[in-house]
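Because the structure is a prediction, the values reported are computed rather than measured.
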Amino acid sequence: MIKLKNDRLLRAIRRQPVDRTPIWIMRQAGRYLPEYRAVRQKAGSFLTLCKNPELACEVTLQPLVRFPLDAAIIFSDILTIPDAMGLGLYFIEGEGPAFERPLRSPRDIQNLAIPDPEISLGYVLDAIRMTKHELAGQVPLIGFCGSPWTLATYMVEGSANKSFPMIRKMQELQPQLLHQLLHKLAESVSLHLNAQINAGAQVVMIFDTWGGMLNTAQYQEFSLSYVKQIIANITAKNVASPVPVVLFTKSGGQWLELMAQSGCDVIGVDWLVNLADARKRVGNTVALQGNLNPSILAQSEEVIRAEVARILAEYGEGEGHVFNLGHGITPDIPPEHVAILVDAVHQLSERH
């Protein structure tokens, strides 16, 4: 096993002392980088890029070439599992993901098969293996999946739809059918995350992008209960060498105490959460990840550095903080501003 040259992220996740606060960025391999756009053009489509392990490895490493980030995150998409289930994922330019065969009947859900990650998602695992080899212990590699609830919203609606009328109707009128779908997705996500760990991922993250649309009782029933199952399955498979789990529920700041009881090691928070308050609420049970508003990166160097200083001071002294954005970086951000961010975090966090 190659020893990590930079284990800052893993130490912070374990709430151990670090010389500086580690930083990585959600969607750090993406459209804000001209070199990413060049590879994306060469691939011809986003999905082709995802399914080509060599190109996925290349774009995963691109931000590490530019910036002294403390982790790489594999280039993929949360909707690869529904695609592997046969729903026919495609992307509409300027609008986002959609499915050729969304779930429209109980039979559609009953006929869903649990994909074997080594077969139908092997391209993700190959990309992880290649990237791990190329990193050569430089920094940890993060793998990820979407939460069952988030995957279900896309699969039932058929595309991105922020009002979610169809899954809300299913939740109200056919809750047992929805649970049947969520159960299959929880099993699929568990298998895929464990396969990612076997391929070399040293941290895994669960993106619960749409959990925040639920009320507290619904969140516990339709989202968090399945996340708990997944984390238990990951933990059970990796007893000898535990792999930390990051849980991010967008707009989920009201449920930090519930999330901290899920078995996760890190809670990702958006910019609506006060880190000092979050730290008091979760105590020493988990680390915290976040939480710069991505829009700050469009502003001046002075504003970026001031906001970094504010967030670091808000978290305060001590262990257990992973610096990140409160959501993914947007395509309009100049790469030079990301360099300012990374430098500011490393420089200003030494005092903490």
Side-chain angles (χ1 to χ4, degrees), residues 1 3-26 68-73 137-144 193 197 201-208 224 227-228 230-232 234-249 252-271 273-292 308-326 342 344-352:
M1 182 183 286
K3 191 176 189 306
L4 278 173
K5 300 179 181 75
N6 175 353
D7 67 349
R8 236 178 242 138
L9 176 72
L10 296 183
R11 291 183 66 81
I13 286 172
R14 297 185 198 112
R15 305 186 302 284
Q16 296 172 348
V18 288
D19 58 337
R20 300 167 177 175
T21 300
I23 175 171
W24 68 276
I25 297 168
M26 287 190 270
L69 293 156
D70 295 298
I73 180 166
Q138 181 184 343
V139 292
L141 178 60
I142 302 168
F144 68 91
L193 286 178
I197 291 165
Q202 289 143 297
V203 179
V204 292
M205 183 159 171
I206 299 171
F207 284 92
D208 187 24
L224 192 61
V227 168
K228 285 181 178 177
I230 292 162
I231 294 172
I234 293 168
T235 305
K237 284 282 187 181
N238 301 279
V239 175
S241 181
V243 172
V245 180
V246 184
L247 172 58
F248 175 69
T249 296
Q254 67 271 37
W255 301 315
L256 296 182
E257 294 88 348
L258 294 174
M259 294 163 72
Q261 296 166 18
S262 68
C264 71
D265 302 276
V266 187
I267 297 175
V269 294
D270 60 30
W271 60 90
V273 172
N274 178 286
L275 285 182
D277 178 53
R279 199 173 173 190
K280 284 179 194 167
R281 288 168 60 192
V282 301
N284 292 319
T285 56
V286 291
L288 292 171
Q289 178 178 284
N291 64 340
L292 184 79
V308 167
R310 185 193 68 75
I311 289 169
L312 291 170
E314 191 173 275
Y315 186 85
E317 293 189 4
E319 299 78 35
H321 184 206
V322 176
F323 204 101
N324 207 313
L325 306 182
V342 176
V345 171
H346 283 158
Q347 184 186 21
L348 299 174
S349 66
E350 286 184 3
R351 71 187 70 159
H352 294 281

task: Output the distance between atom CG (Asp208) and atom CG (Leu224), rounded to the nearest 0.5 Å.
output: 8.5 Å

task: Could you grab the distance from atom OG1 of Thr21 to atom CD1 of Ile23, nearest 0.5 Å is fine?
output: 9.5 Å

- request: Give a yes or no answer on whether the side chain of Arg279 reaches the backbone of Tyr315 with a donor-acceptor pair at less than 3.5 Å.
  value: yes

Residues in side chain to side chain contact (heavy atoms under 4.5 Å, CB included) contact with Gln16, at least two apart in sequence or another chain: Arg11, Arg14

- prompt: Given Thr235 and Val245, is the side-chain contact (heavy atoms from CB on, under 4.5 Å) satisfied, shown in steps?
  reply: CA-CA 9 Å; Thr235 305; Val245 180; 5.7 Å; no

query: Are any of the side-chain heavy atoms of Leu292 and Leu325 separated by less than 4.5 Å?
result: yes

message: Working note: Val308 + Phe323, criterion side-chain contact (heavy atoms from CB on, under 4.5 Å); need CA distance, chi angles, decisive distance, verdict.
response: CA-CA 9 Å; Val308 167; Phe323 204 101; 4.1 Å; yes

message: Checking the side chain of Glu350 only, and the main-chain atoms of Arg20 only, is there a donor and an acceptor separated by less than 3.5 Å?
response: no

task: Spell out, as yes or no, whether a donor-acceptor pair under 3.5 Å connects the side chain of Asn6 to the backbone of Gln138.
output: no

task: Find out whether Val227 and Met259 are in side-chain contact, i.e. whether some heavy atom of one side chain is under 4.5 Å from a heavy atom of the other.
output: no

- prompt: CE of Met205 to CG of Asp265: how many Å apart, nearest 0.5 Å?
  reply: 13.0 Å

message: Is it the case that over 12 heavy atoms from other parts of the model lie below 6.0 angstrom from the CG atom of Asn284?
response: no

query: Has the side chain of Arg8 got a donor or acceptor atom that lies under 3.5 Å from a matching backbone atom of Val18?
result: no

- request: Measure the spacing between CG of Leu4 and CG of Leu10 and express it to the nearest 0.5 Å.
  value: 6.0 Å

query: Within the distance-only criterion (no hydrogens, no angle test), does the side chain of His321 pair as donor or acceptor with the backbone N or O of Ile13 below 3.5 angstrom?
result: no

message: Using the side chain to side chain donor-acceptor pair (under 3.5 Å) criterion, which residues pair with Trp255? Sequence neighbours excluded.
response: Thr216

Main-chain N/O of Trp24 paired to Asp70 side chain as donor or acceptor, under 3.5 Å: no

field: Worked verdict on Gln202 versus Leu9 for side-chain contact (heavy atoms from CB on, under 4.5 Å)
entry: CA-CA 10 Å; Gln202 289 143 297; Leu9 176 72; over 6 Å; no

message: Within a 6.0 Å radius of atom NZ on Lys5, are there more than 12 heavy atoms belonging to other residues, nucleotides or ligands?
response: yes

- prompt: Side-chain contact, heavy-atom cut-off 4.5 Å: Phe144 with Val246?
  reply: no

message: Nearest 0.5 Å, please: how far is CG in Leu247 from CG in Leu256?
response: 10.0 Å

query: Passes side-chain contact (heavy atoms from CB on, under 4.5 Å), Val204 versus Ile197? Steps please.
result: CA-CA 8 Å; Val204 292; Ile197 291 165; 3.8 Å; yes

query: Looking only at atom types and distance, does a side-chain atom of Asn291 sit under 3.5 Å from a main-chain N or O of Leu275, one as donor and one as acceptor?
result: no

field: Distance in Å, Glu317 CD paired with Ser349 OG, rounded so as to fall on 0.5 Å steps
entry: 12.0 Å

field: Those residues that, when tested against Gln347, pass side chain to side chain contact (heavy atoms under 4.5 Å, CB included) (two or more places apart)
entry: Arg305, Asp343

